[in-house]
Amino acid sequence: MPQISTVLGPVDVDRIERVMIHEHLYIDLSHPGDPDAKLTDTEAVVTDAAALRSHGCNTVVEVTCTGMGQNLQRLQDIARRTGLHIVAAAGFYYERWHPRWVREASPEVIEEYLLRQLVDGVPVEGGDPPVVRPGIVAEIGTSDPISPQEEKVLRAAARAARRAGVPLSTHAHLGSNGLRQLEILLEEGVPPHRIAIGHQDLLDDIDVHKAIASTGAYVQYDTVGKERYQSDDVRIRLVREMIEAGYGDRLMLSVDISRHAYLTSRGGHGYAYLFERFLPRLRGVGLDDAAIEALVRDNPRRFLGGDEA
Ligand SMILES: [Zn+2]
């Protein structure tokens, strides 16, 4: 039985139910221009995320990585208090958030840094267990256009993911350059079924999504409910078109909660929005239960577990 690594230890893949494939439970991207770009109120996060359990969702892939305020001790705390399996990430975001040392580092040094995290784990001060092994390389970011620094990190991340045998998912800025990300990852030898290209719902271009899926890689519509960036009407149309084109086994959904304002208690849509509001709308346009469950359970399980099908 394949296992996935979580912040509280390994879990058999067959114990994974519904999955949120691209989320944040603790993140800090605040800066003087946007002091609220953070999710550090763990009490509020626990309350919001705990609602997932009543929708049969027991796993959250937490893609906050180095440079984004990752806090593995808080993730362990949230996992214990919600009962959620939380998969932590190793990686770097887009160039603006790269640590200074990454700018100077060779691709080999970056690859080795990520590989050590994936293989040996990351020590957690006061943690239980005291070491966490990330289960995914994410959210590897690129801007538009992709900068040379970002390409360097993407290639290094690809090599580390391939060597460690873990999946990799990306942040494609506003959906841009997903095909180029995929091309680079494939060049570096990552198997397509271990690749997920992120934020594609922000790019209303079904041909790009089909091209990604046709290689065997996954497409993420992972900002569901962020209507200021894209309307859910568009997302529903995209989901339906992908399924009708035969790519329902290559698509995954999430809501990418990334600041307090998105929590239900602060007037936002919250983690459970996906199950409470969005999935019923998919049913409403005629998609059947099997097609919908693929998006939130079967596909993430295959992606995380390494099943090539
Ligand atoms: Zn994100």
Side-chain angles (χ1 to χ4, degrees), residues 7 19-31 34 36-41 45 48-49 52 57 59-72 74-75 78 84 86-99 134-144 146 150 153-154 157 161 166-178 181 185 195-203 218-230 232 235 251-263 266 268-274 278 296 300 303-304:
V7 295
V19 179
M20 302 291 275
I21 200 68
H22 182 115
E23 293 304 327
H24 304 279
L25 295 163
Y26 187 98
I27 184 172
D28 191 349
L29 294 175
S30 61
H31 57 95
D34 190 356
D36 298 324
K38 60 183 178 182
L39 200 55
T40 52
D41 182 345
V45 167
D48 208 284
L52 292 170
C57 173
T59 302
V60 172
V61 178
E62 215 284 4
V63 295
T64 310
C65 56
T66 306
M68 301 176 82
Q70 185 186 50
N71 187 327
L72 295 171
R74 289 289 184 100
L75 296 188
I78 295 166
L84 289 163
I86 299 175
V87 178
F92 302 99
Y93 200 26
Y94 61 98
E95 180 169 351
R96 175 180 180 170
W97 302 98
H98 289 176
I136 189 167
V137 172
E139 61 175 305
I140 308 301
T142 62
S143 312
D144 186 22
I146 298 177
E150 288 165 345
V153 169
L154 189 58
V166 299
L168 181 154
S169 80
T170 70
H171 163 97
H173 211 65
L174 301 176
S176 63
N177 303 307
Q181 287 186 338
L185 294 167
I195 298 172
I197 303 298
H199 305 330
Q200 291 307 290
D201 48 335
L202 300 180
L203 177 77
Y218 290 88
V219 172
Q220 285 180 184
Y221 295 164
D222 50 24
T223 66
V224 170
K226 289 189 172 177
E227 297 255 16
R228 243 175 287 174
Y229 290 87
Q230 180 70 280
D232 279 351
R235 293 187 177 93
L251 191 59
M252 301 189 287
L253 305 178
S254 214
V255 296
D256 195 19
I257 299 294
S258 52
R259 57 172 70 219
H260 294 127
Y262 291 130
L263 298 176
R266 312 283 173 95
H269 52 293
Y271 297 99
Y273 176 91
L274 184 67
F278 193 72
V296 293
F303 172 65
L304 294 171

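Quantities reported herein were computed from a predicted structural model and do not represent experimental measurements. Order of listing sets the numbers, starting from 1, for every ligand and every atom in it.
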Is Arg96 reaching over with its side chain to a backbone N or O of Ser143, donor-acceptor style, under 3.5 angstrom? no

Have a look around the Zn ion (ligand 1) and list protein N/O/S atoms under 2.8 Å, or say none. His22 NE2, His24 NE2, Glu139 OE2, Asp256 OD1

So does Asp36 pair up with Arg266, basic N to acidic O under 4.0 Å? no

Backbone N or O of Tyr271 within a donor-acceptor pair of the Asp48 side chain at under 3.5 Å? yes

Is the closest side-chain donor-acceptor distance between Arg259 and Ser30 under 3.5 Å? no

Tell me whether the centres of the aromatic rings in His173 and His199 are closer together than 6.0 Å. no

Flag side-chain contact, heavy atom, 4.5 Å: His24 against Val63: yes

